[in-house]
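Order of the sequence lines fixes the chain letters, A, B, ..., with proteins taken first and strands second; residue numbering starts at 1 for each chain.
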Protein chains: 2
Amino acid sequence: MEADAAPGGGPPPAATPEPDPRVERSRRLILSAALDLLGEVGYGGLTIEGVAARAGVAKSTIYRHWDGKLELIEDAIRTLKATVSLPAGGSARDRVTALLQQVATSMASSTWSACLPAIIDAAERDPQVLTIHRRFSCERRQMLVDLLTEGVASGEIAPGLDLGLLAECLIGPIVVRRLLLHEPFDPAGVLPLVSQVLPPPATPRGA
Amino acid sequence: MEADAAPGGGPPPAATPEPDPRVERSRRLILSAALDLLGEVGYGGLTIEGVAARAGVAKSTIYRHWDGKLELIEDAIRTLKATVSLPAGGSARDRVTALLQQVATSMASSTWSACLPAIIDAAERDPQVLTIHRRFSCERRQMLVDLLTEGVASGEIAPGLDLGLLAECLIGPIVVRRLLLHEPFDPAGVLPLVSQVLPPPATPRGA
DNA sequence: GTGCTACGATACGTCTGCGTTTCGTAGCGA
DNA sequence: TCGCTACGAAACGCAGACGTATCGTAGCAC
């Protein structure tokens with residue numbers, strides 16, 4: 001299930017015997033088109049023929065690579081993974097801010113953001129999509145928790161807090177704006193968000 | 001658009017001449033079935049024939065009351081409105097807690113919660129649903145903001161905060177758990193949530 | 001150049017849902 | 001009791017998508 005994924009874990013053995021550039025190209029076109037359409041028409045509105053037309057590909061080509069609509073969607077969602085990266089420099093507070101700005105920016109405009117409602121809906125119907133989306137969300141949350149943990153260790157953030165809950169409070173407004181209020185969360189608003197949710201500890205030492 | 005709604009605003013004139021109990025009954029059955037199915041199969045998966053079967057109603061009966069699938073869904077979503085009520089007694093902090101507990105409880109198990117992913121998805125496709133959902137979300141948020149405003153006025157909450165943002169930070173974790181992490185938010189967790197996000201002002205006077 | 005293989009185009013039968021129509025029945029108000 | 005009207009059941013044509021199969025073409029590796 002995770003054997004033919006993109007390289008990234010472990011050393012790259014000769015497990016990929018140059019499978020044919022045509023296959024690679026077709027798969028990329030199809031998955032990309034599927035994501036585009038998923039954002040436009042949603043999970044229930046997606047059709048194989050629509051994907052084929054969007055990708056500029058024959059319908060039979062899709063059925064050569066996937067068993068059906070469900071497998072295609074699952075595979076397409078899987079390709080959506082890595083979008084935010086963990087910022088490196090600066091204080092923990094700065095890194096939290098940078099991470100949230102990445103989230104806010106990609107939430108404002110990205111394939112992922114466009115697909116998010118459809119994915120949430122799909123996760124409610126298909127256990128496979130549920131697993132993928134839950135794992136992805138957990139990873140993102142954990143990135144933030146890790147940053148907050150460092151902040152506590154370095155004394156930038158008051159100790160004794162539930163960091164998981166804190167992370168959800170930080171991401172929450174961005175999510176609420178996108179999914180409930182349907183208005184954008186300006187990345188410039190991340191700074192006041194962090195300032196308000198993450199008050200400095202009693203004895204400031206960084207500044 | 002809001003002329004033949006349920007009674008509640010203004011004096012009840014003779015605008016409702018006992019329209020026929022059969023109509024009322026059919027509409028209730030159909031709308032209820034539509035909401036059930038909306039939660040089960042989603043926006044794209046909903047079919048008129050499915051609603052008819054679930055409601056125990058002939059398909060033609062649905063078309064007698066609604067023009068099509070879209071109008072039915074919009075109408076069904078509209079009936080989902082009043083679920084939480086503004087708590088009355090106690091301090092502002094207590095009332096905020098009570099309100100969030102209502103949200104958490106209904107988010108854990110209710111028709112509304114079951115339909116939420118479908119509604120979010122539908123709002124992305126249909127402007128009409130978008131308007132309904134946005135308005136409903138705004139009202140809920142405003143209830144919380146009002147409570148927070150009272151809290152600031154009574155000195156329970158530190159002044160100078162962005163109360164809109166604060167409200168989103170309070171609701172955020174509940175929403176994030178439901179839609180992104182796909183795990184329930186225990187209503188018992190509301191208390192630590194409020195404690196962590198709403199630190200008392202420097203000079204406590206209520207306790 | 002020469003097999004091999006993936007692809008494009010197309011047609012096919014099937015199924016499902018749409019929205020409409022018809023007609024007989026049963027519940028409603030007076 | 002008697003019209004009136006809403007309803008249930010069923011059938012209809014239509015459209016779209018499914019998933020499959022066939023065949024000619026074009027790109028790939030050697």
Side-chain angles (χ1 to χ4, degrees), chain A residues 4 14-76 118 121-122 125-126 128, chain B residues 4 14-38 40-76 118 121-122 125-126 128-129:
Chain A
D4 53 16
T16 314
E18 289 295 335
D20 196 331
R22 288 174 293 176
V23 173
E24 196 79 8
R25 175 190 140 88
S26 292
R27 287 185 57 93
R28 269 190 298 104
L29 284 176
I30 292 167
L31 288 174
S32 172
L35 285 180
D36 282 356
L37 278 181
L38 187 63
E40 291 179 19
V41 301
Y43 175 69
L46 197 77
T47 66
I48 295 286
E49 301 191 331
V51 174
R54 172 67 64 101
V57 148
K59 187 168 56 157
S60 48
T61 302
I62 298 182
Y63 282 107
R64 279 190 196 101
H65 293 297
W66 290 275
D67 284 342
K69 179 173 155 180
L70 213 67
E71 290 77 11
L72 173 60
I73 294 183
E74 291 167 359
D75 221 1
D121 186 58
R125 328 284 164 217
D126 177 19
Q128 198 77 9
Chain B
D4 53 16
T16 315
E18 290 294 335
D20 197 330
R22 288 174 293 177
V23 173
E24 196 79 9
R25 174 190 140 88
S26 292
R27 286 185 59 92
R28 269 191 298 106
L29 284 174
I30 292 168
L31 288 174
S32 171
L35 285 179
D36 283 357
L37 278 181
L38 187 63
E40 290 178 18
V41 302
Y43 175 70
L46 197 77
T47 67
I48 295 285
E49 302 192 330
V51 174
R54 171 69 63 104
V57 148
K59 187 169 58 158
S60 47
T61 302
I62 298 182
Y63 282 106
R64 279 191 195 100
H65 294 295
W66 290 275
D67 284 342
K69 179 172 155 180
L70 214 68
E71 289 79 11
L72 173 60
I73 294 184
E74 291 167 359
D75 221 0
D121 186 58
R125 328 284 163 216
D126 176 20
Q128 198 78 10
V129 175

Between residues 51-58 of chain A and DNA chain C, which residues have a heavy-atom gap below 4.0 Å?
Gly56(A), Val57(A), Ala58(A)

Can you check the Glu24(B) CD to dA6(D) P distance for me, whole Å?
13 Å

Could you tell me the separation between the CG atom of Leu46(A) and the P atom of dA17(D), rounded to a whole number of Å?
11 Å

Quick one: side-chain contact (heavy atoms from CB on, under 4.5 Å) partners of [X], sequence neighbours excluded?
X        : value
Glu71(B) : Trp66(B), Asp67(B)
Thr47(B) : Glu49(B)
Ala53(A) : none

Name each donor-acceptor pair under 3.5 Å that joins a side chain in residues 28-46 of chain A to protein atoms two or more places apart or in another chain, with its distance.
from, atom 1, to, atom 2, distance (Å)
Glu40(A), OE1, Arg54(A), NH2, 2.9
Glu40(A), OE2, Arg54(A), NH1, 3.2
Glu40(A), OE2, Arg54(A), NH2, 3.1

How does protein contact run along nucleotides 19-28 of chain C, one letter per nucleotide 5' to 3', with B for base contact, S for sugar-phosphate only, - for none, heavy atoms under 4.0 Å?
BBB----BBS

Taking 4.0 Å as the cut-off, does a side-chain nitrogen or oxygen of His65(A) come that near to OP1 or OP2 on dA6(C)?
no

N or O in side chain of Ser26(B) less than 4.0 angstrom from dC7(D) OP1/OP2:
yes

Rounding to 10 degrees, work out the angle separating the end axes of the helix from dG1(C)-dC30(D) to dA30(C)-dT1(D) (five pairs an end).
50°

Can you find a heavy atom in the side chain of Leu70(A) that is under 4.5 Å from one in the side chain of Gln128(A)?
no

Using heavy atoms and a sub-4.0 Å distance, could you list which residues of residues 29-42 of chain A are near DNA chain D? By number, please.
none

Taking side-chain hydrogen bond (donor to acceptor under 3.5 Å, both in side chains) as the definition, give me every residue that meets it alongside Arg25(A), ordered by chain and number, with sequence neighbours left out.
none

